[in-house]
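See structure below.
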There are 2 protein chains.
Amino acid sequence: MSAMTTREHIVEAADELFYRHGFEHTSFSHIAGAVKISRGNFYYHFKTKDEILEAVIKRRLANTRDMLAAWERNSDDPAGRIGCFIKILITNGRRIRQFGCPVGTLSTELTKLEHPSGEGATALFSLFRDWLAGQFTLLGRKSDADELAIHLLVRSQGVATLASAFGDEKFIQLEVDQMIDWLQSLHMSTAGGTEEKK
Amino acid sequence: MSAMTTREHIVEAADELFYRHGFEHTSFSHIAGAVKISRGNFYYHFKTKDEILEAVIKRRLANTRDMLAAWERNSDDPAGRIGCFIKILITNGRRIRQFGCPVGTLSTELTKLEHPSGEGATALFSLFRDWLAGQFTLLGRKSDADELAIHLLVRSQGVATLASAFGDEKFIQLEVDQMIDWLQSLHMSTAGGTEEKK
DNA sequence: GTCTATATAATGATAGAC
DNA sequence: GTCTATCATTATATAGAC
């Protein structure tokens, strides 16, 4: 059934292990064990560990693009789409409490390692940033769309960091509710502002 | 002049290196190079690398306690003290853009490593959390003091994460200003609430 | 207390058989 | 494409001289 190539299996396993244990802490042995191939066979598919990291980031970029596209299909109004973003904290709550945000934690690690692929991790952030800014623009907040996008990223990143530090889920819901309220109040004031311009 | 023992030098150097490059990526060689002692000499002072980590966390706990005490001395009103917390993002802006938040990044890393000292890193978070909750209580928000403390931690953590991912400083000031506004609005509504009780 | 070996294990990476 | 050696390097950690 599974038409996945060995290469794809490697990237999928590496993706998960990098998320759970970090890039540096994940060795070829770990990945090989997960994929059930020998360490040697690895180098037929990837010449270096960094190449696997590149493939993982590419995969995450593609998956993220798919997710954003799905949100756009599932909701016509930008506020609802932004709501989808906010609610990942609930949807992926269990994993976020365990391992934090996959985007933020990878970016943080690669920055400390001064790793060239750190830019790729930032690109992953930019994907969300630009998409959110686009939605805020549709909401009528063209002038401060990027600031609002950053603001939401800031809050969701912070929730993820604290959720995994304290292993707590109580305040995740609280913070999510506040973000939804914030989005709502923004929507309201914007609707008013739009009317004034008529 | 320097009355610091070799042990203290090691802990200080390790503290800085753990912050800049992460715990796992920092080797004895790196620390030894910074302190200018041989690798072998290390084990006279610490039996394992984990022991150094413990000492570093202990040092950070002590330094944090000192910082919180200084904020209490420098300001009589709790709002001003909370303002001190918010403004670390500016004060330590350069380093935060380079290496993120020392508390958050260590906690994130140790969680992924499933390292026993992860609890120590969380204790560092709790120091801020409890202190902030105490200040909010003094502000007259006893019932939701912990939620407010978490909320501020969330936002400052998020700012630190994004600041280091994008290497940007523009939105740090923006976010800090918004946090100050939020604190102010809270203070106002609370002052009203306090009067009502009279 | 500090040093110079040295032991040991794991890691990323290679060579060559099948 | 996958495997079994194997290599070189690095890391933590130890032993023993000074």
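Numbers restart at 1 for each chain; the letters A, B, ... are given by sequence-line order, proteins then strands.
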Just checking A:Glu72: does its CD atom have more than 12 heavy atoms from other residues, nucleotides or ligands closer to it than 6.0 angstrom? yes
Using atom names, set out every protein N or O paired with an N or O of nucleotides 5-7 of chain C below 3.5 Å, distance rounded to 0.1 Å.
none

A:Glu169 CD: over 12 foreign heavy atoms closer than 6.0 Å: no
Whole angstroms only, please: what is the NE2-C1' distance between A:His45 and C:dT14? 16 Å
On DNA chain D, reading 5' to 3', which nucleotide is the first and which the last to sit with an atom under 4.0 Å from a heavy atom of chain A, could you check? D:dG1 to D:dT4
Send over the distance from A:His25 NE2 to C:dA10 P, rounded to a whole Å. 13 Å
Under 4.0 angstrom, heavy atoms only, what part of the nucleic acid is B:Ser27 near: base, sugar-phosphate, or nothing? sugar-phosphate
What is the separation between atom NE2 on A:His30 and atom P on C:dA10, rounded to the nearest whole Å? 10 Å
Which part of the nucleic acid, if any, lies within contact of A:Thr26, taking any heavy atom under 4.0 Å across all strands shown: a base, the sugar-phosphate backbone alone, or nothing? sugar-phosphate
Within residues 106-121 of chain B, those residues having any heavy atom closer than 4.0 Å to DNA chain C are none
In plain terms, say whether A:Glu16 and A:Arg95 are close enough for a salt bridge, that is, a side-chain N and a carboxylate O under 4.0 Å apart. yes
Taking 4.0 angstrom as the limit, do B:Arg97 and B:Asp168 come out as a salt bridge? no
Answer yes or no: is there an ion pair linking A:Glu54 with A:Lys58, defined by an N-O contact shorter than 4.0 Å? no
Ionic contact status for B:Asp146 with B:Arg129, cut-off 4.0 Å: yes
With sequence neighbours left out, what residues match B:Asp130 under salt bridge (Lys or Arg N to Asp or Glu O under 4.0 Å)? none
If you pin A:Phe28 and A:Asn41 to their nearest nucleotides in DNA chain C, which one's is more 5'? A:Phe28
Ring pair (Phe, Tyr, Trp, His ring centres under 6.0 Å) with A:Phe23: which residues, sequence neighbours excluded? A:Phe18, A:His115
Can you tell me how far P of C:dT4 sits from CD1 of B:Ile37, to the nearest Å? 12 Å
Could you tell me the separation between the NZ atom of A:Lys49 and the C1' atom of C:dA10, rounded to a whole number of Å? 12 Å
Checking all strands, does A:Tyr43 fall into the base, sugar-phosphate, or nothing category for heavy-atom contacts under 4.0 angstrom? base
Mind checking salt bridge (Lys or Arg N to Asp or Glu O under 4.0 Å) for B:Asp77 and listing every partner two or more places apart, or none if nothing turns up? none
Heavy-atom nearest nucleotide on DNA chain C for A:Lys47 versus A:Ser29: which residue maps closer to 5'? A:Ser29
B:Glu119 atom CD, over 12 foreign heavy atoms within 6.0 Å: no
Pair A:Thr6, A:His9: side-chain N/O donor-acceptor within cut-off below 3.5 Å: no
Could you state the CD-C1' distance from B:Glu24 to C:dT11, rounded to the nearest angstrom? 11 Å
